[in-house]
Amino acid sequence: MKKHLEALLQGAVDALKESGGIAREIVPDILVERTRDARHGDFASNLALTLAKPARCNPRELAQRIINALPDDAAIERVEIAGPGFINFFVKLQSQYQVIETIHEQGHFFGRSEIGKGLNVQVEFVSANPTGPLHVGHGRGAAYGGVVANLLAAVGYDVQREYYVNDAGRQMDILAVSIWLRYLEECGELLPFPGNGYRGEYVRDIAWELHKEAGDRYRCPADRVMDGVPPDEPQGGDKEEHIDALIARAGTLLGPERYRVILQSGRDHILADIREDLAEFGLHYDEWFSERVLMQSGAVESALAKLRAGGHLYEKEGALWFASSALGDEKDRVVRRENGQTTYFASDIAYHMNKLERGFERIIDIWGADHHGYVPRIKAAMQAMGEDPSKLEVLLVQFAVLYRGKEKISMSTRAGEFVTLRQLRNEVGKDAARFFYCLRRAEQHMDFDLKLACSQSNDNPVYYVQYAHARVCSVLRQLDEKGLERNLTQGMEQLERLIESHEQALIGTLSRYPEILERAALQHEPHQLTQYLRELANDFHTYYNAHQFLVDDNALRNARLNLICAVRQVIANGLSLLDVSAPESM
RNA sequence: CUCCCCGUAGCUCAGUUGGAUAGAGCGCAGGAUUCCUAAUCCUGAGGUCAGAGGUUCGAAUCCUCUCGGGGAGGCCA
């Protein structure tokens with residue numbers, strides 16, 4: 001309807017240009033939007049206001065001329081000029097009822113579109129290091145990314161969901177050492193645990209299992225482990241030097257083979273846990289992409305070779321630098337350290353090249369907001385490689401600050417004190433957690449009150465929406481119990497019986513759904529969908545309280561049932577995009 | 001010091017990409033069920049849209065500055 005009206009206005013403008021009413025050079029930006037106030041009709045355009053200045057004409061007068069040039073249209077009841085020069089459209093009730101039939105016909109597909117034209121898009125999200133379980137901070141990125149991917153798929157993009165596994169690099173070594181040291185404790189060795197190690201309980205669990213399976217195969221005496229290792233921070237040393245020495249010691253005492261087994265087992269354990277966690281949270285990835293596999297394929301080296309060939313690399317102070325500052329970054333970045341190891345950034349360059357080589361026409365990375373400084377350098381790298389940086393879109397998700405009531409909860413992965421995503425799911429349930437995360441814009445800092453979310457009270461808006469769905473189901477059950485018939489065809493024929501203001505409002509809200517979906521998808525804003533669903537549920541609950549659906553009048557009853565079934569369908573469609581269940585009873 | 005995000009009702013947040021009298025939930029004060037689920041609904045109080053300028057027919061929205069909160073600025077990831 002919106003686009004239809006825009007086309008009508010375009011026609012009117014063209015006609016005015018023909019007749020010399022306005023100058024031909026003027027190219028107006030024709031925009032029709034829904035009104036906030038029913039008294040302003042159903043749709044409004046500010047065309048006359050924006051056109052007034054270039055056309056050198058009084059806006060109200062111009063509006064009148066535009067209206068005069070508008071062709072007759074079957075869907076339009078009347079057109080008015082209001083305020084400073086708005087053109088308000090009143091749509092005939094008859095054509096508004098149409099949406100109920102459309103929803104019934106299209107069912108699960110109602111609201112979907114093909115705007116994406118099958119464009120290949122990759123959405124990469126969560127991608128937490130496999131060094132520990134996911135915490136509630138990851139939960140937000142997980143819910144957000146999953147819904148963004150669903151939304152894009154719903155409007156016609158060909159979407160691939162990917163998790164990048166950072167399983168190369170020092171963090172994995174720290175994990176391996178942490179496991180090994182806990183394992184040695186299992187064996188009965190007495191040694192201090194490094195301040196910089198992973199102290200979480202899950203490390204002990206992995207160590208315990210390793211000991212159970214392998215016995216003393218990886219055991220070394222404590223004094224040989226600690227011999228000559230520089231002191232840890234509490235003892236006046238440097239915690240980084242301390243743990244690096246322990247990593248080196250583990251390598252020499254265990255040998256590369258046994259060391260690799262421990263590292264691999266830690267990685268596999270934690271990754272399996274993350275996969276299960278995300279699956280239970282409703283997320284299913286198409287690809288789990290390993291950084292280590294990428295490195296072994298030689299992709300990092302060839303990416304560096306390509307940069308070097310383009311003249312973007314130089315040596316300084318023993319390290320290899322990428323001249324990113326010439327391409328919009330704040331400063332140049334190291335890609336190969338003095339010790340010969342490539343940096344995480346080097347892997348990331350290769351990774352993004354790999355994405356493009358796989359044929360994705362658009363790449364969406366969803367990162368924590370603390371990585372925002374990282375965006376210019378990765379775009380610089382793409383440009384240096386001769387790629388179009390605008391193919392990459394980075395969406396930043398702000399952290400959620402956790403509260404339990406008034407008390408702020410601090411989070412530290414190393415200390416293992418964080419609240420895990422799994423704990424959250426167990427306490428509040430998947431549906432509530434997902435809905436809660438998607439209630440706010442991603443760039444918005446979010447206060448996440450666990451006490452509130454855990455309370456399972458009415459405060460949680462997910463129940464409000466789900467209840468509307470369950471209520472429709474309940475009405476249909478009552479229909480059976482009362483032995484009443486439902487005649488779908490009669491209901492469709494009698495839709496003009498829906499004359500109550502509550503019904504009009506509900507129909508209007510239903511017809512907005514496709515627009516909401518499009519906006520939410522293109523702007524990557526799931527909260528528009530959750531916000532809409534609350535409105536729809538509100539309209540429905542209000543209607544429910546004001547009118548009886550199961551009335552004796554067959555025609556009216558069938559018309560109302562068709563309306564509320566349309567509501568149920570749209571709620572189910574919206575919730576399914578959020579990966580939130582739509583229960584038939586509560 | 002530089003850059004990014006943010007500042008809207010007591011609290012948590014929306015605000016249709018510059019539109020008409022700024023909204024919702026929670027909380028607070030009242031009220032609604034002989035009737036399809038009261039996990040619901042209705043009414044009310046509550047605002048200098050952080051502040052000051054500017055852009056124009058029109059600003060919570062765009063520009064500049066100030067104040068305040070959070071984050072980033074590693075040969076960590």
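Any value given below was found using the heavy atoms of this structure, including those in side chains, with hydrogens, waters and symmetry copies removed. Chain identifiers are assigned alphabetically (A, B, ...) following the order of the sequence lines, protein sequences preceding nucleic acid strands; residue numbering begins at 1 within each chain.
Between the C1' atom of B:C5 and the CD atom of A:Q398 lies a distance of 5 Å, rounded to the nearest Å. Rounded to whole Å, the distance from NE2 on A:H138 to C1' on B:A77 is 11 Å. Per the geometry, CZ belonging to A:F345 stands 15 Å off C1' belonging to B:G73, to the nearest Å. Rounded to an integer number of Å, the gap from CG of A:D370 to C1' of B:G73 is 12 Å. If you measure from atom CZ of A:F540 to atom P of B:C36, you get 14 Å, rounded to the nearest angstrom. One interatomic measurement links the two molecules: CG of A:D329 to C1' of B:C3, which rounds to 12 Å at whole-angstrom precision. For A:E241 and B:C76, the CD to C1' distance is 15 Å, given to the nearest whole Å. In this structure, A:Q171 atom CD and B:A77 atom C1' are separated by 6 Å, rounded to whole Å.
Applying the salt bridge (charged side-chain N to carboxylate O under 4.0 Å, His left out) rule to A:K3 yields the partners A:E518; only residues at least two apart in sequence or on another chain are considered. Residues satisfying the salt bridge (charged side-chain N to carboxylate O under 4.0 Å, His left out) criterion with A:E301, sequence neighbours excluded, are A:R336.
When the C1' atom is compared between B:C63 and B:U55, the two are found 7 Å apart, to the nearest whole Å. Atom name C1', nucleotides B:G46 and B:A24: the rounded distance is 14 Å, in whole Å. Comparing the same atom, C1', in B:C26 and in B:A45 gives a spacing of 16 Å after rounding to whole Å. When the P atom is compared between B:U17 and B:C13, the two are found 24 Å apart, to the nearest whole Å. Spacing between B:A60 and B:G23 at atom C1', rounded to whole Å, works out to 12 Å. Comparing B:U33 with B:A39, their C1' atoms sit 15 Å apart, to the nearest whole Å. Taking the P atom of each, B:C5 and B:C11 are spaced 25 Å apart, rounded to whole Å. The same atom, C1', is picked in B:G53 and in B:G44; the two are 38 Å apart, to the nearest Å.
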Reading nucleotides 13-18 of chain B from the 5' end, what letters show protein touch, with B for base, S for backbone sugar-phosphate only, - for no heavy atom under 4.0 Å? SSSBS-

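Listed for the A:W321 side chain is no donor-acceptor partner under 3.5 Å among the backbone atoms of A:V335. With hydrogens and angles disregarded, a donor-acceptor distance shorter than 3.5 Å links the side chain of A:D431 to the backbone of A:S581. Judged by distance alone, the side chain of A:D238 and the main-chain N or O of A:E241 form a donor-acceptor pair under 3.5 Å.
Distance check: A:T530 OG1 to A:L575 CG gives 10.5 Å after rounding to the nearest 0.5 Å. Rounded to the nearest 0.5 angstrom, A:Y144 OH and A:H524 NE2 are separated by 7.0 Å. Atoms CG and CD, on A:N558 and A:E485 in that order, are 9.0 Å from each other to the nearest 0.5 Å.
Taking the ring centroids of A:F90 and A:F43, they lie at or beyond the 6.0 Å cut-off.
Using a 4.5 Å heavy-atom cutoff, the side chains of A:L476 and A:L561 are in contact. Two residues are said to be in side-chain contact when any heavy atoms from C-beta on lie closer than 4.5 Å; A:Q444 and A:Q398 fail this criterion. Looking at heavy atoms from C-beta onward, A:I366 lies out of side-chain contact with A:V394 at the 4.5 angstrom threshold. A heavy-atom distance below 4.5 Å is found between the side chains of A:I274 and A:Y163. Residues A:Y374 and A:F345 form a side-chain contact, since some pair of their non-hydrogen atoms from C-beta on lies under 4.5 Å apart.
Remark on RNA chain B: of its neighbouring residues A:R471 and A:S45, the 5'-side contact belongs to A:S45, judged by nearest-heavy-atom nucleotide. In terms of position along RNA chain B, the nucleotide closest to A:D37 lies nearer the 5' end than the nucleotide closest to the other residue of the pair A:D332 and A:D37.
Nearest nucleotide to the A:H541 side chain, out of B:A77, B:U40, B:A24: B:U40. Relative to the side chain of A:P84, the nucleotides B:G19, B:C75, B:C36 differ in distance, and B:G19 lies closest. Between B:C36, B:A24, B:A77, one nucleotide has an atom nearer to the side chain of A:R534 than all others, and that is B:A24. Comparing B:A77, B:C5, B:G71 against the side chain of A:H372 picks out B:G71 as the nearest. For A:Y463, the side-chain atoms get nearest to B:A39 when compared with the rest of B:A39, B:C75, B:G73.
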Candidate pair A:Y351 and A:F289, rule ring pair (Phe, Tyr, Trp, His ring centres under 6.0 Å), full reasoning: CA-CA 9 Å; A:Y351 177 44; A:F289 195 93; 5.1 Å; yes

Starting from the C-alpha separation in whole Å, work towards a yes-or-no answer on side chain to side chain contact (heavy atoms under 4.5 Å, CB included) for A:D365 and A:K355. CA-CA 11 Å; A:D365 287 1; A:K355 290 184 181 200; 2.9 Å; yes

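Heavy-atom distances under 4.0 Å link RNA chain B to A:H547, A:Q548, A:F549, A:L550 of residues 546-557 of chain A, given in residue order. Within residues 502-516 of chain A, no residue is approached by RNA chain B to less than 4.0 Å at the level of any non-hydrogen atom.
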Under a cut-off of 3.5 Å for both distances of each Watson-Crick or G-U pair, what dot-bracket string does RNA chain B give, using [ ] for crossing pairs and | for inter-strand pairs? (((((.(..((((.....[...)))).(((((.......))))).....(((((..]....)))))).)))))....

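Within the 4.0 angstrom heavy-atom criterion, base atoms lie near A:N88. Using a 4.0 Å heavy-atom cutoff across all strands shown, A:T542 reaches sugar-phosphate atoms only and no base atom. Contact annotation for A:A319: base contact, defined as any heavy-atom pair under 4.0 Å involving a base atom. Residue A:A82 is in base contact, counting any heavy-atom pair closer than 4.0 Å across all strands shown. Within the nucleic acid shown, A:N538 comes within 4.0 Å of sugar-phosphate atoms alone, with no base atom in reach, counting heavy atoms only.
A 6.0 Å sphere centred on CG of A:D37 holds more than 12 heavy atoms belonging to other residues, nucleotides or ligands.
Put simply, A:Y464 has a side-chain N or O that comes within less than 4.0 Å of OP1 or OP2 on B:C41. For B:G73, neither phosphate oxygen OP1 nor OP2 lies less than 4.0 angstrom from any side-chain nitrogen or oxygen of A:R377.
We find that the ring of A:F86 and the base of B:A20 stack, their centres lying under 5.5 angstrom apart and their planes tilted less than 30°.
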